[in-house]
Protein chains: 2
Amino acid sequence: MGIDERKQRVLEAIIKDYVATAEPVGSRTIARKYNLGVSPATIRNEMADLEEMGFIEQPHTSAGRIPSQLGYRYYVDCLMEAYSLSEAEETLLRSMFVEKMGDLEQVIQETSKLLSRFTNYTAIILGPTPVGGKLRQVELIPLQEQLVLMVIVMDSGVVLHKMLELPGPVASEDLHHVSYVFNSKLRGIMLENMRRTLLQELYDELQHKKQILRLALDILDYYQQAPQWEKSHLGKVYLGGVINILNQPEFRNFDKIRRILSVLEEESELRELLTDTNETGITVRIGAENRREEFQDCSLITVTYDVNGKAIGRVGLLGPTRMEYPKATSILEYVASILSEALQGYYSR
Amino acid sequence: MGIDERKQRVLEAIIKDYVATAEPVGSRTIARKYNLGVSPATIRNEMADLEEMGFIEQPHTSAGRIPSQLGYRYYVDCLMEAYSLSEAEETLLRSMFVEKMGDLEQVIQETSKLLSRFTNYTAIILGPTPVGGKLRQVELIPLQEQLVLMVIVMDSGVVLHKMLELPGPVASEDLHHVSYVFNSKLRGIMLENMRRTLLQELYDELQHKKQILRLALDILDYYQQAPQWEKSHLGKVYLGGVINILNQPEFRNFDKIRRILSVLEEESELRELLTDTNETGITVRIGAENRREEFQDCSLITVTYDVNGKAIGRVGLLGPTRMEYPKATSILEYVASILSEALQGYYSR
DNA sequence: TGTTAGCACTCTAGTGGGTTGAGTGCTAAA
DNA sequence: TTTAGCACTCAACCCACTAGAGTGCTAACA
């Protein structure tokens, strides 16, 4: 049994109606609201077929139908037509977008708010990952005798900082010297290759200055050891509009909300959620397609944003499976594009 | 009508029981569980008095009593005896505390998680405010021809950064020179005095180098203009255990939760919440004592943390008015003290 | 052969009455 | 002043009933 055109239109009608109302859709409703030119009885027959094929389901005998996960998937893959933002919407979005105010972090934070406000879903943005980016500058700033703040600025404008505790007191000039050597060696190197690159060259440069060599090596060791440090290599996660989850009728259930929120509270979970795909374009995860069991009833749409043609992070929208897919994807893509554009400014070309 | 000792004990019993069970407390329960040596009837009389005085109230005629806001206030001020953490608890807390891993931000973030896990309330921490602190180092890092990243490191280890767009292209050496001048002039100056101090001295230093003077002034102007920048002067807000709100039976109500979460989502609201007092010690805000109407049913306990005897931020616990005040305050104070201790390490003395 | 009207059937959600039980206030006795 | 006794109140729960939406099936129709 194939899925002919009329079945498609019935499925589409069911999805559209259910997305709009969050109520199971009956045959009469479809016949009335979406003029397919056939009677409810005929639609009932089609619905029975669609149900058998697994595209829709019935909460209980005397209720209408709701789209199944498979139904949404089919809709997203085959049926849905692209929603194109109107001129007015684009202008509005652009006008709300805060460009180049403050730093990168702020731009992204604001973007997540904007996105959630515009869609009424929850926005999740993975910030630029330092890993893969190139170093621009390293500063070692002495705070106390044995305490140094290491500030690393990436080409992308991402700023990392880490406190280093040195094994012994160090003269300020020595530290300065190490800073200088690091900088002259490191510019343009990838963060993850920092240690390797440096080790090779430090000896040449500093062999006549044992004391400083020792210090430089200590710092590198410190860098290597600290497992916490690695975390900051992964890119921060920004959330916007978590509150919107509470507005979805399907989440009017404390247990569900608790479980979803507990995932949203864990930065590492979110990062995983956004990074478990390598696709560069847009991805749509419907219900159980999300690995996390807490997101059974959620869909997550993500898209990369990029600078100089290279993807550097992901923007996501989390909502119920009953999501406005066409609109959400369009807005998401548009916002990602203006974010890319804005970030372009921060990046050296 | 005074509040004699027996009334106190009845009030205390009601509060303790209600805090533990979240159910209205009846006279029988008190007579049974808290041996005051009198019958339920006597307790009923006392309760009638307490109600008349406004310390307790009745949800409806045939229910027990619950403490009123005034009742909690009296309890916190007069009745409550300090809860002292056991050796074991202190050890456990200390062992879970992550010291000097990574940077300041991470320590505070982890502290908020620790605090919320330990108390089952929501932790809110206001990070160190750059304002009032002293500058340690300023770095101007060129990213593009007209784009400069300004990194400011405070004595406290707080790192601020801001993107500056210059009106025209600038040679890297010039920028370096400005960096150098800034640094030599600024160390030890308070952030908010930066501009004033610099203006006075820049002329002396740079009058022979018109081009660089111009640049330096532009940068200062930029700093002065940008209103967004001011925000980062205020100290970040860290949240932990938002999920715990959902576990309180009094918040099993979507409207309440939505309203509370919407406040928690706004960093500025939280900052206001924590900063609208100047008291240096512990503060307890019960119900409507919190200005925000959304927190009618919440209590917020806050305490300052400090370094070198100077308060630099606040740690707070947000829970229902039915809070375990003695335990919460003790844990909060202890955690604030180990946080202070840990931060001491970051601060130059 | 596909479509449709008609109809019996199913199941949820909502309503209203009755009961239970916890807790109270009042009164009178100890 | 305390306490036992008692009538009273009220939320919460249970249960039966109804209304209504929606279905599947059958038989007639184009």
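Just so we're clear, the structure is a prediction, and the values are computed from it rather than from any experiment. In what follows, chains carry the letters A, B, and so on, assigned in the order in which the sequence lines appear, proteins first and then strands, with residues in each chain numbered from 1.
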What's the CG-P distance between A:Leu36 and C:dT3, to the nearest Å?
12 Å

With the side chain of A:Ser39 defined as its heavy atoms from C-beta on, choose the nearest nucleotide among D:dT9, D:dG22, C:dA5.
C:dA5

Mind calculating the distance between CD (A:Glu51) and P (D:dG22) to the nearest angstrom?
15 Å

Spacing of A:Ile66 atom CD1 relative to D:dA21 atom C1', expressed in whole Å
16 Å

State whether B:Thr61 places a side-chain N or O below 4.0 Å from either non-bridging phosphate oxygen (OP1 or OP2) of D:dC10.
yes

Kindly compute the distance separating NZ (B:Lys327) from OG1 (B:Thr119), expressed to the nearest 0.5 Å.
9.5 Å

On DNA chain D, compare the nucleotides closest to A:Gln58 and B:Asn45; which residue's is nearer the 5' end?
B:Asn45

Atom NE2 of B:His60 to atom P of C:dT24: distance rounded to whole Å?
10 Å

Counting side-chain heavy atoms from CB outward, which of D:dG5, D:dT23, C:dT12 is closest to A:Ser27?
D:dT23

What contact category does B:Ala63 fall into here, base, sugar-phosphate, or nothing, at under 4.0 angstrom with non-hydrogen atoms?
sugar-phosphate

Can a side chain N or O of B:Ser62 be found less than 4.0 Å away from OP1 or OP2 on C:dA22?
no

What is the minimum heavy-atom distance between B:Arg292 and B:Glu294, and which atoms define it?
NH1-OE1, 2.6 Å

Hey, which of these two, B:Pro59 or B:Ala41, hits DNA chain D nearer its 5' end, going by closest nucleotide?
B:Ala41

In whole angstrom, give the distance that lies between atom CD of A:Glu46 and atom P of C:dT4.
11 Å

Interatomic distance, A:Ile43 CD1 vs D:dG22 P [rounded to whole Å]
12 Å

With the side chain of B:Arg44 defined as its heavy atoms from C-beta on, choose the nearest nucleotide among D:dG20, D:dC10, D:dC6.
D:dC6

So if I take every side-chain heavy atom of A:Arg65 and compare against D:dT9, C:dT10, D:dG24, which nucleotide ends up nearest?
D:dG24

Lys NZ or Arg CZ of B:Arg9 over B:Tyr34 ring: under 6.0 Å, within 45°:
no

I need the CG-C1' distance between A:Asp49 and D:dC25, as an integer number of Å.
14 Å

Of the candidates D:dG5, C:dT3, D:dT2, the side chain of B:Arg6 sits closest to D:dT2

Under a 3.5 Å threshold, yes or no: a donor from one side chain and an acceptor from the other, between B:Tyr83 and B:Glu89?
yes

Specify the closest pair of heavy atoms between A:Asn244 and A:Tyr121, including all atoms of both residues, with the distance to one decimal.
ND2-O, 2.8 Å

Taken to the nearest whole Å, CE/A:Met47 to C1'/D:dA21 is 12 Å

